[in-house]
Amino acid sequence: MQRTLSIVKPDGVNKNLIGEVIRRFEKAGIGVIALKMVHLTKKQAEGFYAVHRQRPFFDSLTTFMCSGPIVPMVLEGKDAIKKVRDIMGATNPKDAAPGTIRKDFADSIESNIVHGSDGPDTAAFEISYFFNATEIFELKG
């Protein structure tokens, strides 16, 4: 079993897609083991995306991520990182495969509904950024 972090971004929350995003993950056998809604400050968004600090899109990304509430969640399942990224689709919705979250709902490369960890080390950092051990649960069954 593998854990990963996904976030329904402000545009996804505004479009009432929280349930749809979760439904797609659960339908693929990925379980939700932690979930919350938060509204990031600019400083918190900059801390989360610190790895991109030198990239030209850093300011617009962090401004976007604190423009409204987000829904971070910890997901668990076999090959969860790859499955979640496949379900989300390519970062740019124009390049995303049909039937993926981003192809179906995203407006742009930045307003692309969801975030997902890109590897095990990133997932560990990102999960701990939003959740402590008492907020993460084990699935039964």
Side-chain angles (χ1 to χ4, degrees), residues 1-140:
M1 294 300 251
Q2 187 177 56
R3 289 182 177 177
T4 190
L5 183 97
S6 184
I7 301 172
V8 179
K9 295 181 177 183
D11 57 325
V13 173
N14 288 334
K15 290 181 177 184
N16 295 312
L17 292 173
I18 299 165
E20 177 63 18
V21 169
I22 293 170
R23 184 193 69 77
R24 290 183 184 212
F25 293 149
E26 289 181 331
K27 187 176 177 186
I30 303 295
V32 177
I33 60 171
L35 176 82
K36 63 172 75 170
M37 182 179 278
V38 297
H39 195 148
L40 296 177
T41 65
K42 179 75 166 170
K43 186 174 180 178
Q44 289 168 326
E46 289 172 349
F48 182 75
Y49 285 108
V51 67
H52 297 303
R53 186 167 301 279
Q54 302 305 317
R55 306 291 285 275
F57 58 81
F58 179 75
D59 186 58
S60 64
L61 173 62
T62 55
T63 298
F64 167 66
M65 288 300 288
C66 62
S67 68
I70 62 170
V71 179
M73 64 189 90
V74 181
L75 305 171
E76 184 176 72
K78 186 174 181 349
D79 299 319
I81 294 170
K82 182 182 181 334
K83 280 187 182 177
V84 166
R85 292 186 67 78
D86 288 347
I87 293 164
M88 291 187 320
T91 303
N92 187 338
K94 292 177 184 173
D95 300 330
T100 61
I101 292 168
R102 289 174 173 154
K103 186 66 162 187
D104 292 348
F105 303 111
D107 296 324
S108 69
I109 196 166
E110 191 169 273
S111 296
N112 64 6
I113 309 296
V114 289
H115 164 89
S117 303
D118 63 4
D121 292 341
T122 307
F125 166 77
E126 292 180 348
I127 290 168
S128 68
Y129 198 85
F130 287 105
F131 297 93
N132 65 51
T134 63
E135 297 173 310
I136 301 172
F137 301 89
E138 298 295 323
L139 294 177
K140 304 287 185 215

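With sequence neighbours excluded, the residues satisfying ring-ring contact (aromatic ring centres under 6.0 Å, His included) with Y49 are H115. With sequence neighbours left out, the side-chain hydrogen bond (donor to acceptor under 3.5 Å, both in side chains) criterion links D118 to T122. H52 meets the ring-ring contact (aromatic ring centres under 6.0 Å, His included) test with F57; sequence neighbours excluded. Residues meeting the side chain to side chain contact (heavy atoms under 4.5 Å, CB included) test with V51, sequence neighbours left out: none. Residues satisfying the ring-ring contact (aromatic ring centres under 6.0 Å, His included) criterion with Y129, sequence neighbours excluded, are F48, F125.
Closest heavy-atom contact between V8 and M73: CG2-CE, 3.7 Å. Smallest separation of non-hydrogen atoms from P98 and K103: CA-CG, 3.9 Å. Residues G77 and I30 approach most closely at CA-CD1, 4.2 Å, considering heavy atoms. Nearest heavy-atom pair across S117 and T4 is CB-OG1, 3.2 Å. The minimum heavy-atom distance linking Q2 with A80 is given by the pair OE1-N, 3.1 Å. Considering all non-hydrogen atoms of both residues, G119 and I81 come closest at C-CD1, 3.5 Å.
With hydrogens and angles ignored, the 3.5 Å screen pairs a side-chain donor or acceptor of S67 with a backbone N or O of F64. Formation of a donor-acceptor pair under 3.5 Å by the N112 side chain with backbone atoms of T91 is found in this model. A distance-only check finds a donor-acceptor pair linking the side chain of Q44 to the backbone of T41 [under 3.5 Å]. No donor-acceptor distance shorter than 3.5 angstrom exists from the side chain of R102 to the backbone of N92, with no hydrogens or angles considered. Listed for the T63 side chain is a donor-acceptor partner under 3.5 Å among the backbone atoms of D59.
Within the 4.5 Å cutoff, the side chain of V21 has heavy atoms near those of the I113 side chain. The shortest side-chain heavy-atom distance between I7 and V71 does not fall under the 4.5 Å cut-off. By the 4.5 Å heavy-atom criterion applied to side chains, K9 and S111 are not counted as neighbours. Between R3 and I33 there is a side-chain heavy-atom pair separated by less than 4.5 Å. V38 places a side-chain heavy atom less than 4.5 Å from the side chain of P72.
Among residue pairs with one or both ends in residues 19-45, none qualify as ring pair (Phe, Tyr, Trp, His ring centres under 6.0 Å); sequence neighbours excluded.
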Derivation of the salt bridge (charged side-chain N to carboxylate O under 4.0 Å, His left out) call for R55 and E110: CA-CA 13 Å; R55 306 291 285 275; E110 191 169 273; over 6 Å; no
Audit row: T62, K42, side-chain hydrogen bond (donor to acceptor under 3.5 Å, both in side chains) steps and yes/no: CA-CA 6 Å; T62 55; K42 179 75 166 170; 2.7 Å; yes
Worked check of side-chain contact (heavy atoms from CB on, under 4.5 Å) between D86 and T100: CA-CA 7 Å; D86 288 347; T100 61; over 6 Å; no
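Note on D11 versus K15: no salt bridge recorded, every NZ/NE/NH1/NH2 to OD/OE distance being 4.0 Å or above. Checked for salt-bridge contact, E76 and K83 miss the test: no charged N lies under 4.0 Å from a carboxylate O. Salt-bridge check for D104 with R24: passed, with a basic side-chain N closer than 4.0 Å to an acidic carboxylate O. The pair E26-R23 does not meet the salt-bridge criterion, since no charged nitrogen lies less than 4.0 angstrom from a carboxylate oxygen.
Taking the ring axis of F130 as reference, the NZ or CZ atom of K36 does not stay both within 45° of it and closer than 6.0 Å to the ring centre.
Checked options L17, V84, V114; the residue passing with I101 is V114 (criterion: side chain to side chain contact (heavy atoms under 4.5 Å, CB included)).
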